[in-house]
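So the structure is just underneath, and the comments pick up after that.
Every chain is numbered from 1 and lettered A, B, ... according to where its sequence line falls, protein lines coming before strand lines.
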Number of protein chains: 2
Amino acid sequence: MPSKAGIQNETEETVEVCSARIIHRETLAAVQAAMPGDARICDLADFFKIFGDRTRISILWALSESEMCVCDLCALLDMKQSAVSHQLKLLKQSRIVKYRREGKVVYYSLDDEHIRRVLNLGLQHVCE
Amino acid sequence: MPSKAGIQNETEETVEVCSARIIHRETLAAVQAAMPGDARICDLADFFKIFGDRTRISILWALSESEMCVCDLCALLDMKQSAVSHQLKLLKQSRIVKYRREGKVVYYSLDDEHIRRVLNLGLQHVCE
DNA sequence: ATTACATATTAATGTGTGTTCATATGATAA
DNA sequence: TTATCATATGAACACACATTAATATGTAAT
């Protein structure tokens with residue numbers, strides 16, 4: 001969980017770190033230098049975490065076809081309205097979907113084209 | 001009073017489904033027809049779920065720089081060897097990483113270019 | 001053989017998270 | 001106002017999951 005380990009020492013010898021030993025000191029140093037900051041790593045993981053749920057993937061796939069209101073999504077997924085609303089809240093907090101209100105009805109849609117591309121890339125991997 | 005724009009259908013009737021009501025029957029039918037099967041949805045969600053973890057994203061980012069052995073990954077992430085091995089197992093089960101053995105040492109690397117592209121797409125979204 | 005090392009696995013624990021029930025907004029119409 | 005509908009939110013439960021400790025493989029050297 002902590003992000004950095006100390007690897008600055010002597011030459012090509014193995015060094016004790018967190019009860020393990022470093023074998024390739026140079027590779028490790030290079031990779032360490034190229035690693036993004038901790039905050040960015042967490043943001044990335046949180047972003048993908050949103051996609052990692054059956055219900056949310058279904059919602060996103062549906063919205064990639066057409067904008068939809070909450071109660072139609074409930075019917076499509078055969079799920080309780082509160083369950084769908086909870087997931088839509090997560091999706092909108094991550095700026096993955098946007099919404100517009102028309103009277104009592106709220107219409108949701110994908111936030112941008114990135115989302116569609118992420119879905120398609122994932123599908124390619126799954127289908128190969 | 002506000003004249004409705006956008007998706008709407010004069011001949012629609014509301015219908016009871018799972019304690020909710022369908023507002024846009026045609027939209028619903030169209031989206032329903034375009035939805036992938038249940039198995040494919042689950043596969044997609046499971047694929048993204050693997051990316052939705054801080055430790056695994058760090059591993060993938062590291063491997064996108066260079067193939068690495070387990071104990072160097074431990075040092076890089078400052079984590080216990082068993083924790084890293086557990087995550088590597090998940091990553092390899094999803095065919096996201098591959099490995100090769102050289103004596104006692106096992107080297108892991110990204111399985112294909114899809115993975116790198118998924119990471120980069122996610123980063124774009126997070127950084128904007 | 002035995003020793004040492006790199007990695008994998010099992011079992012248990014604690015935390016995170018998706019769904020449900022109940023209730024609260026917000027909006028329109030009577 | 002009151003009533004109804006569409007959606008949002010809060011709390012609680014149940015399950016999934018990441019980490020740990022301990023142990024088990026597998027490989028090479030002595």
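Considering only the side chain of A/Gln87, C/dG18 comes nearest among C/dG18, D/dT27, D/dT7. Checking C/dT20, C/dG26, C/dT7 against every side-chain atom of A/Ala83, the shortest atom distance belongs to C/dT20. For A/Met79, the listed nucleotide lying nearest its side chain is C/dT19; candidates were D/dG10, C/dA8, C/dT19. For B/Lys104, the side-chain atoms get nearest to C/dA6 when compared with the rest of C/dA6, C/dA8, D/dA21. Picking from D/dA8, C/dA27, C/dT19 the nucleotide with the shortest atom distance to the side chain of A/Ser85 gives D/dA8. Of the listed nucleotides (D/dA21, C/dA8, D/dA8), D/dA8 has the atom at the smallest distance from the side chain of A/Val106. Taking the side chain of B/His86 as heavy atoms from C-beta on, and the options D/dG26, D/dA8, C/dA11, the nearest nucleotide is C/dA11.
In this structure, B/Arg95 contributes its side chain and B/Asp111 its backbone to no donor-acceptor pair below 3.5 Å.
Counting any heavy atom pair closer than 4.0 Å across all strands shown, B/Leu73 reaches no nucleic acid atom. Counting non-hydrogen atoms under 4.0 angstrom, A/Arg54 reaches nothing in the nucleic acid. In this structure, B/Tyr108 reaches the sugar-phosphate backbone alone: every heavy-atom distance under 4.0 Å involves primed, P, OP1 or OP2 atoms, never a base.
Nucleotide C/dG18 holds its P atom 15 Å from the CG atom of A/Leu77, rounded to whole Å.
When the side-chain nitrogen and oxygen atoms of B/Ser82 are compared with OP1 and OP2 of C/dA8, none of them lie within a distance under 4.0 Å. For A/Lys92 and D/dA8, the shortest distance from a side-chain N or O to OP1 or OP2 is below 4.0 Å. Between D/dA18 and B/Arg56, a contact under 4.0 Å exists linking OP1 or OP2 to a side-chain N or O. Remark: B/Tyr107 is not in phosphate contact with C/dT7, judged by side-chain N or O atoms under 4.0 Å from OP1 or OP2.
Counting atom types as modelled, B/Gln81 pairs no side-chain N or O with a base atom of C/dA6 as donor and acceptor under 3.5 Å.
For the pair A/Asp112/B/His125, a side-chain contact is recorded, criterion being any heavy-atom separation below 4.5 Å from C-beta on.
Of all the residues in residues 40-51 of chain A, not one reaches under 4.0 Å from DNA chain D with any non-hydrogen atom.
Looking at every heavy atom in both residues, A/Leu88 comes nearest to A/Val97 through O-CG2, 4.3 Å.
Using a 4.0 Å cut-off between a side-chain N of Lys or Arg and a carboxylate O of Asp or Glu, A/Asp46 and A/Lys49 qualify as a salt bridge.
Checking B/Arg25, B/His24, B/Arg21 one by one against A/Asp72, the side chain to side chain donor-acceptor pair (under 3.5 Å) holds for a single residue, B/His24.
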